[in-house]
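As structure tokens, the structure follows; a few thoughts come after it.
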2 protein chains.
Amino acid sequence: MATLKDVAQETGLGLGTVSRALSGHPRVRPETRQQVESAARKLGYQSNGLARALRQSHSNAVGLIIPDLENEFYTTAASVVQSALAAEGYRLVLCCSNNIPEVDATLLGSLVESRVDGIIHVPCTAEGSVRTRELNPDLPVVEYARQSGGYAVDAVIGDDDRGSAELVDHLVELGHRHIAMIAGPADLSTTKARVAGFRQACRRHRLLNRDCPVLYGPAYDVDWGAAATEEILRGRPDVTAIFASSSRSALGSLKALNERGVRVPEDMSVVGFLNPMWFDVSDPPLTTYELPLSDMGAMAARVLLERIRSPRAAGDANVVRFQGRLVVRSSTARARSQGTSSDPTGRSRAPAAREPVRDAASPPAKVRRAGATSAPTRKPASAALAPHE
Amino acid sequence: MATLKDVAQETGLGLGTVSRALSGHPRVRPETRQQVESAARKLGYQSNGLARALRQSHSNAVGLIIPDLENEFYTTAASVVQSALAAEGYRLVLCCSNNIPEVDATLLGSLVESRVDGIIHVPCTAEGSVRTRELNPDLPVVEYARQSGGYAVDAVIGDDDRGSAELVDHLVELGHRHIAMIAGPADLSTTKARVAGFRQACRRHRLLNRDCPVLYGPAYDVDWGAAATEEILRGRPDVTAIFASSSRSALGSLKALNERGVRVPEDMSVVGFLNPMWFDVSDPPLTTYELPLSDMGAMAARVLLERIRSPRAAGDANVVRFQGRLVVRSSTARARSQGTSSDPTGRSRAPAAREPVRDAASPPAKVRRAGATSAPTRKPASAALAPHE
DNA sequence: CTGGTCCGTGGGAACCTTTCCACGGCGAGA
DNA sequence: TCTCGCCGTGGAAAGGTTCCCACGGACCAG
């Protein structure tokens, strides 16, 4: 391929001039620029991004590491991050850890080696992104969806525990007092948060721990959702509601229930988590807690770009937490004949079924120092999570 | 960050030696290697991928351009391509054209500028990937899912027209003779193929063109699916079956029908295209044509890597076409009181409902010259599309 | 008329690696 | 004993860009 030197030779100009002409530098005569441009076109010159990145020591690329490429929770993030970055002239290098810690670590290494300008990371262990700090302390990193620990690293997360709590509130309101939670891998921070919210809400409603089992599983996927549901049907006849804490396990749960002929919501209420587009044509449409995924992805990109552009003040971590909202559909109904229920048919559905789903759940949030200072949290976050100055 | 030079200085060795030691070159004394490695660890040395790529003139990265990051059709591809590449030590640079030709072209340019080693491209115009040939004739490109034209470029595609045909066959078998097709943008090659298959099958069954309208739309998305369905309900009371030629428009169609109180399949049969995981818990579970997306993605990666590794023989395009299979569920039933129907209740469901969905549809396919020579096509493809030697 | 400034350009250094070549030493075969 | 070849190493070139500095000319003010 043609290089700058070739263009220089063709035009009889020096390399510096050609470079300036091509990169829009003001100090170059218009005619010269014309000449250079036509020569470049003629030779089919394509500037070498590698060489430029090497010289300028920034590559206009950022890495995104997600644990699962077939989960709309993350692909939505990837999508909007990609858009946000593209708008600012950055490329996205997408990696997938498959939730394997070793792969995660390798990917991190590979990304710093390839000299990306920043990384958005969904960590899959408690160590999280701290490894990048060892590799390159100056590399901006923001954690997404999951938070690794007490390290001072930027993060954009959903309010998982509040979501769990709202779903439990909803179920309790309908008279359920025996609720099973289908959780994911125990060591993920999202799992922890969702379980914590679940337990806390149960306590608040004076539900007994043994009435509200939590089933940890190998992954947030359809098979586990189905398997856990089987387990519940087999071993816990007292349970009247299932809280599947991810969209995929909810799908699996529904599948298993449908196959076993268990009617939803008459015999069993089911709630999901997050709100993929197919939740309202499933059979039945699912009650769930929706997180503003697009906003979250955009925010992650914004926080990262801000860090890339302005030098980072050490220890000054920026944690943004997004609220979601309860979306009530027809997969939840009054508990069947379980003590307090006054409706033996169990058929009275929640009143607010089929409410519109896709409106802007949280106010347009601003990054601290990017303008308005309001964090998107409605109530002040716990100390560990609030942006600390 | 520490560089090779720093390590050389630290150890008192020359750059060449340090480089060799670190890159596993055999000609270096084990003790020396030890020394270098410990010094590198001590300094936190991270090799600079940019410099290496520049020197070796290959970057171990490949680009993937898809038109829509929220469509499981493409994200599935992205996922498996990513895995396949990672296994061979390549990174994936993911770009999204949003189906905008200008963006597509820009992305192509940006990728060749960043010196990826190859590109997998879902073209969004008929020109397709030919632009890369101008930019860099040696850059391996494989087109995915859509085929741009008569250019000699590798491609991995699904057998869209056969899929359409099989769905039409299925509907006709059930007595439908007025079938509306919800198509996508008219200029996409997938749309063309699906419409062609539809028309052809209609002709074969002697259905009249005016009984089988094709609705072209702005995009393969939920809104268009819903809008088109409204249009059909309003303007075409004769239609008894809707062929939504993508998973998302099927979703929109179902949504619209449910909202209008039109029963599926009693009042209207619906078939989708492709087979996202939620198609069998939708209300009702959808009959569809499933394409082996994982195999297709893997094949695309394989074809590309093969091209990267072995010099391309000009004009020798390798086109692989994947068969899918009909998946019959309960969204299709005998046509309502439409002439031939012998079942006035319209309730006799297709016999094969709930058949297993996720088995290996097509035999493990081999790339030409990568071992076995059998193409994954069951019957010989048309001349224009067969791998030509 | 001269000194200073700005403009446009050329040349070289720097970015960091890999790779090639050369060189000294040493063991083995002639 | 001499030579050949191999081994381990050092040095330098190359890869393609950007950035800094210097330089000549023109222009302006004193």
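No hydrogens, no waters, no symmetry mates; every other heavy atom, side chains included, goes into these values. Chain naming here is simple, since letters A, B, ... match the order of the sequence lines and numbering starts at 1 in each.
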In this structure, how many angstroms lie between the [atom2] atom of [N] and the [atom1] atom of [X], rounded?
X: A/Leu54; N: C/dC16; atom1: CG; atom2: P; answer: 7 Å
X: B/Asp6; N: C/dA14; atom1: CG; atom2: P; answer: 15 Å
X: A/Asn48; N: C/dT17; atom1: CG; atom2: P; answer: 17 Å
X: B/His58; N: C/dT19; atom1: NE2; atom2: P; answer: 8 Å
X: A/Lys5; N: D/dT17; atom1: NZ; atom2: P; answer: 10 Å
X: B/His25; N: C/dC21; atom1: NE2; atom2: C1'; answer: 13 Å
X: B/Gln9; N: D/dG10; atom1: CD; atom2: P; answer: 13 Å
X: B/Glu31; N: D/dT9; atom1: CD; atom2: P; answer: 8 Å

At 4.0 Å (heavy atoms only), tell me whether [X] reaches a base, stays on the sugar-phosphate, or touches nothing.
X: B/Arg27; result: base
X: A/Ser47; result: sugar-phosphate
X: B/Thr32; result: sugar-phosphate
X: B/Ser19; result: base
X: A/Leu15; result: base

(Q) If you define the side chain from C-beta out and look only at heavy atoms, does anything of A/Val7 sit under 4.5 Å from A/Val18? (A) yes
Q. Would a 4.5 Å heavy-atom cut-off, applied to side chains only, mark A/Leu94 and B/Leu64 as touching?
A. no
For [N] and [X] - does any side-chain N or O of the residue sit under 4.0 Å from the phosphate oxygens OP1/OP2?
X: B/Thr17; N: D/dG8; value: no
X: B/Arg29; N: D/dT9; value: yes
X: A/Gln56; N: D/dC19; value: yes

Q. With respect to the side chain of B/Arg20, which nucleotide from C/dT17, D/dG11, C/dT9 is positioned closest?
A. D/dG11
Q | Along DNA chain D (nearest heavy atom to each residue), the more 5'-positioned of A/Ala51 and B/Pro30 | A | B/Pro30
**Q.** Lys/Arg N to Asp/Glu carboxylate O, B/Arg91 vs A/Glu113, below 4.0 Å
**A.** no
Q.
Apply side chain to side chain contact (heavy atoms under 4.5 Å, CB included) to residues B/Val141 and B/Asp154 and explain how you reach the verdict.
A. CA-CA 7 Å; B/Val141 175; B/Asp154 295 342; over 6 Å; no
Q. With no hydrogens and no angle check, do the side chains of A/Glu143 and A/Ser129 hold a donor and an acceptor under 3.5 Å apart?
A. yes
